Trainee: 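One structure follows; several queries about it will come next.
If you're wondering where the values come from, they're calculated on a predicted model, not measured in any experiment.
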Amino acid sequence: MSILSEIVMFSTSSIVSGITWDILKKEGKKIIYSFKKRFIENKCFDEENECEECLKRLVLEESISKSDPYASAILVYKDISGKRTIDKFKVELEEWIGENKKELEDISSINRQIGSIKIGKQINKGFGKIINAGVYNEFNG
């Protein structure tokens, strides 16, 4: 599970998983904007591209510490920013997660919806077997 998903689950006790960077870039512009706004304004990052790279890595990379996913986020932050003061970043990240919980849950549900396929009707024309939702249909021609 990604660092961001682990943090959201750890922080809010909700089931949020499967947030991908592609989905976030396409459907989560508000989330990306709020992340950049908060962390640039609070001087956690010097440049906008560093800030976006941090969020991207939080979404893409697996969490190293299951007991404290913030530790993984802090490692990413330190690697990108080069800053040693991490307390402010952790506090801002906790607050940002809390403020964006609903949007993160919505993005997670978009990803689950994209992964499913709805099949309206299948007709067996005598060339094989069709299995629909566990119901076995065979042509008896």
Side-chain angles (χ1 to χ4, degrees), residues 1-139 141:
M1 191 173 297
S2 77
I3 296 169
L4 184 60
S5 295
E6 287 280 341
I7 289 173
V8 172
M9 287 179 60
F10 184 80
S11 301
T12 64
S13 302
S14 67
I15 299 173
V16 175
S17 63
I19 298 173
T20 66
W21 183 244
D22 291 337
I23 296 289
L24 197 59
K25 287 287 282 184
K26 184 176 178 185
E27 304 291 337
K29 290 180 179 25
K30 180 179 176 187
I31 293 171
I32 294 171
Y33 174 77
S34 72
F35 187 87
K36 287 180 183 179
K37 185 175 188 318
R38 173 179 286 275
F39 290 93
I40 295 288
E41 284 180 0
N42 291 306
K43 310 271 189 251
C44 292
F45 294 97
D46 297 326
E47 298 177 21
E48 188 175 319
N49 63 340
E50 288 179 339
C51 191
E52 186 170 327
E53 180 65 20
C54 182
L55 180 58
K56 181 178 180 179
R57 286 183 56 187
L58 292 179
V59 171
L60 294 175
E61 293 182 16
E62 294 290 317
S63 181
I64 296 168
S65 173
K66 301 295 181 194
S67 62
D68 182 12
Y70 284 101
S72 299
I74 288 167
L75 288 174
V76 169
Y77 171 70
K78 286 169 76 174
D79 184 46
I80 292 172
S81 71
K83 297 182 180 182
R84 299 195 186 278
T85 54
I86 56 171
D87 295 333
K88 186 175 187 176
F89 175 75
K90 183 178 178 184
V91 168
E92 294 297 332
L93 186 58
E94 288 172 339
E95 289 178 9
W96 179 80
I97 295 285
E99 291 170 5
N100 291 280
K101 178 183 176 228
K102 172 89 170 89
E103 287 81 9
L104 291 165
E105 289 171 345
D106 291 346
I107 289 293
S108 181
S109 75
I110 287 171
N111 192 32
R112 283 192 297 273
Q113 290 171 7
I114 288 173
S116 65
I117 300 171
K118 182 178 179 183
I119 299 172
K121 182 178 180 183
Q122 291 180 323
I123 299 171
N124 189 328
K125 304 246 181 188
F127 300 110
K129 301 171 186 172
I130 298 173
I131 300 174
N132 291 322
V135 177
Y136 181 77
N137 300 317
E138 187 172 333
F139 179 71

Trainee: Side chain to side chain donor-acceptor pair (under 3.5 Å) with K43: which residues, sequence neighbours excluded?
Mentor: none
Trainee: For I86, enumerate each residue passing the side chain to side chain contact (heavy atoms under 4.5 Å, CB included) test, keeping only those at least two apart in sequence or located in another chain.
Mentor: I74, Y77, K78
Trainee: Restricting to side chain to side chain donor-acceptor pair (under 3.5 Å), what partner residues turn up for K29, sequence neighbours left out?
Mentor: none
Trainee: If I take atom CD1 from residue I32 and atom CD from residue E103, how far apart are they, to the nearest 0.5 angstrom?
Mentor: 13.0 Å
Trainee: Side chain to side chain donor-acceptor pair (under 3.5 Å) with S63: which residues, sequence neighbours excluded?
Mentor: S72
Trainee: Identify the two heavy atoms, one from R57 and one from I80, that lie closest to each other, and give their separation to 0.1 Å.
Mentor: NH1-CG1, 3.5 Å
Trainee: CD1/I107 to CD1/I23 distance, rounded to the nearest 0.5 angstrom?
Mentor: 7.5 Å
Trainee: For S2, which residues count as a side chain to side chain contact (heavy atoms under 4.5 Å, CB included) partner, sequence neighbours excluded?
Mentor: L4, S5
Trainee: Supply the atom-to-atom distance E94 CD to F89 CZ, rounded to the nearest 0.5 angstrom.
Mentor: 10.5 Å
Trainee: With sequence neighbours excluded, tell me which residues meet salt bridge (Lys or Arg N to Asp or Glu O under 4.0 Å) with K88.
Mentor: none
Trainee: Is any side-chain heavy atom of L55 closer than 4.5 Å to one of K36?
Mentor: no
Trainee: Can you name the salt bridge (Lys or Arg N to Asp or Glu O under 4.0 Å) partners of K37, sequence neighbours left out?
Mentor: E41
Trainee: Between CD1 of I40 and CG of D46, what distance do you get to the nearest 0.5 Å?
Mentor: 8.0 Å
Trainee: Which residues pass the salt bridge (Lys or Arg N to Asp or Glu O under 4.0 Å) test with E92, sequence neighbours left out?
Mentor: R38
Trainee: Who are the ring-ring contact (aromatic ring centres under 6.0 Å, His included) partners of W21, not counting sequence neighbours?
Mentor: none
Trainee: Considering residues at least two apart in sequence or located in another chain, which fulfil the ring-ring contact (aromatic ring centres under 6.0 Å, His included) criterion with F35?
Mentor: F39, W96
Trainee: Could you give the distance from CD1 (I31) to NZ (K102), rounded to the nearest 0.5 Å?
Mentor: 10.5 Å
Trainee: Kindly write out the residues that satisfy salt bridge (Lys or Arg N to Asp or Glu O under 4.0 Å) with K56, not counting sequence neighbours, or none if the list is empty.
Mentor: none
Trainee: Do you know which two heavy atoms are closest between A73 and L93, and how far apart they sit?
Mentor: CB-CD2, 3.8 Å
Trainee: Mark yes when over 12 heavy atoms from residues, nucleotides or ligands other than E48 sit less than 6.0 Å from its CD; otherwise mark no.
Mentor: no
Trainee: Quick one: list whatever passes side chain to side chain contact (heavy atoms under 4.5 Å, CB included) with N49, sequence neighbours left out.
Mentor: E47
